[in-house]
Number of protein chains: 2
Amino acid sequence: MITETILVVDDDQDLRESIVEILEDYGYKVTACATAEAALQAMKEDVPRLALVDNMMPGMGGMALLPLLKKDFPATKIIMITAFSTVDNAVAAMRSGADDYLAKPFKRDELLVAVRRALEEQKFAQQQTEPCMDEALACLSNQIRRQILTTLSAQGEMRFMDITRTLGIRDHTKVNFHLKNLKNNNLISQNRQKSYRLTSQGEKMLDCLHLLSKRISL
Amino acid sequence: MITETILVVDDDQDLRESIVEILEDYGYKVTACATAEAALQAMKEDVPRLALVDNMMPGMGGMALLPLLKKDFPATKIIMITAFSTVDNAVAAMRSGADDYLAKPFKRDELLVAVRRALEEQKFAQQQTEPCMDEALACLSNQIRRQILTTLSAQGEMRFMDITRTLGIRDHTKVNFHLKNLKNNNLISQNRQKSYRLTSQGEKMLDCLHLLSKRISL
DNA sequence: CGCTTTTGTGAAGCATAATTCACAAAAGTG
DNA sequence: CACTTTTGTGAATTATGCTTCACAAAAGCG
């Protein structure tokens with residue numbers, strides 16, 4: 001997985017160290033290097049969630065580094081740092097793939113705000129394959145649980161032992177295990193009379209299952 | 001799981017034993033009992049795939065037993081056996097939940113044909129939660145594999161190390177593991193230049209994923 | 001009430017999936 | 001060619017999910 005690190009790339013040692021200090025004080029894990037070439041090397045060993053890149057550097061400049069980073073590590077967010085800020089420069093940086101743009105000199109809080117926002121965006125992009133998806137799909141990946149959903153859908157409402165017998169499963173605790181699983185994932189619920197039934201979530205899931213099976217068999 | 005057993009319920013000892021013999025000769029595992037009450041008890045201990053039930057029995061008759069069986073063990077197929085066969089009787093039996101109807105006297109082969117057909121239907125109903133579904137959903141239940149699918153869909157075609165870097169995963173063998181998995185399930189393929197891309201199956205899957213996530217978030 | 005069935009819990013064992021590691025062939029590059 | 005990166009394999013380990021088992025409270029029933 002991508003690490004929690006932030007990479008700082010700046011040839012100006014004073015500025016670099018002060019950025020690192022601010023970020024580390026705030027609790028971030030930080031790596032720093034002085035050249036674009038070193039940055040590329042560092043990225044290969046440890047892909048950061050965010051890179052702060054200075055525009056003007058001896059050797060490969062920040063503007064040249066940007067597309068390389070974006071190509072090989074598209075998940076990493078990039079904040080461009082520049083001394084002689086102009087509109088054109090800012091626009092060019094953003095067009096080259098920078099996710100934000102910070103003009104020197106900047107205050108501690110300006111830096112932190114930009115970093116936090118970038119990390120938030122990164123997190124969001126990372127989760128695009130949504131987290132609740134994990135549970136849902138794990139739930140559906142078991143045949144017994146799918147059977148429970150379908151029979152519940154067919155019968156509307158069933159008691160524990162009815163389900164077990166319908167599925168023809170000997171060990172009732174086995175069924176119980178899966179019922180608990182489904183209950184924890186809010187796909188089924190249980191009323192005062194102990195009867196199980198699908199929740200609205202569960203019905204949606206079942207719908208999806210049917211959709212899936214149609215699509216797969218195409 | 002439901003057992004391979006066939007249950008024979010008939011008060012006429014001669015007929016019962018001859019049925020049992022025919023079925024066992026053919027290789028089926030058979031349980032027999034003489035009354036409806038005994039049958040209900042036997043079902044609780046061992047849910048058969050199929051029950052052969054005589055219509056006329058002292059105590060609870062076959063017609064009374066049918067709805068009870070269907071209620072508690074809907075997965076079990078039922079073949080009604082009757083001596084004084086009429087159309088009305090046959091219709092009534094089928095309406096009460098019998099899956100087939102056999103008039104006495106019947107030949108050995110008539111019995112076997114009916115039994116085979118019933119077992120086939122039972123098997124089919126059992127598999128309704130399709131088998132290929134298992135693999136597909138297991139495949140999708142892993143977050144990394146889903147990420148691979150989505151990034152491949154976004155990029156169209158990617159090489160191995162590009163994928164690993166994009167996902168920000170350190171250990172390339174880990175990605176390889178999941179790529180292999182996806183490849184085995186025919187969701188992605190690899191061309192001569194070693195580039196990975198989605199197969200049509202894979203695209204369908206991804207479609208389904210999007211569908212799912214929309215539904216879930218509703 | 002005593003007895004059975006239903007519904008349930010939690011721990012132990014087993015099976016499968018996922019990760020890591022050590023290593024290597026193939027491809028690309030100077 | 002030597003050297004690096006890419007792409008890959010298989011075994012060992014770890015994590016996770018599933019099943020089984022021993023047991024028990026609650027509900028139903030004579």
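To find a chain, count down the sequence lines: A is the first, B the second, and so on, and within it residues start at 1. These values consider heavy atoms only, across backbone and side chains, with no hydrogens, waters or symmetry-generated copies.
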Residues that A:Asp171 engages under side-chain contact (heavy atoms from CB on, under 4.5 Å), provided they are two or more places apart:
A:Thr173, A:Lys174

Output all residues satisfying side-chain contact (heavy atoms from CB on, under 4.5 Å) with A:Ala32, sequence neighbours left out; order by chain, then residue number.
A:Val8, A:Arg16, A:Val20

So the side chain to side chain donor-acceptor pair (under 3.5 Å) pairs with at least one residue in residues 52-67 of chain B (sequence neighbours excluded) are B:Asn55-B:Thr82, B:Asn55-B:Asn89

Could you state the CZ-C1' distance from A:Arg192 to D:dA27, rounded to the nearest angstrom?
17 Å

Nearest-Å distance, CG (B:Leu137) to C1' (D:dG17)?
16 Å

Got a sec, which residues hit ring pair (Phe, Tyr, Trp, His ring centres under 6.0 Å) with B:Phe177, two or more places apart in sequence or on another chain?
none

Who pairs with B:Asn191 by side-chain contact (heavy atoms from CB on, under 4.5 Å), at least two apart in sequence or on another chain?
B:Glu157, B:Gln193, B:Ser195

Sugar-phosphate atoms are those with a prime plus P, OP1 and OP2; base atoms are the rest. Using that split, label each nucleotide of nucleotides 7-26 of chain C B, S or - for protein heavy atoms under 4.0 Å, 5' to 3'.
BBB--------BBBBB----

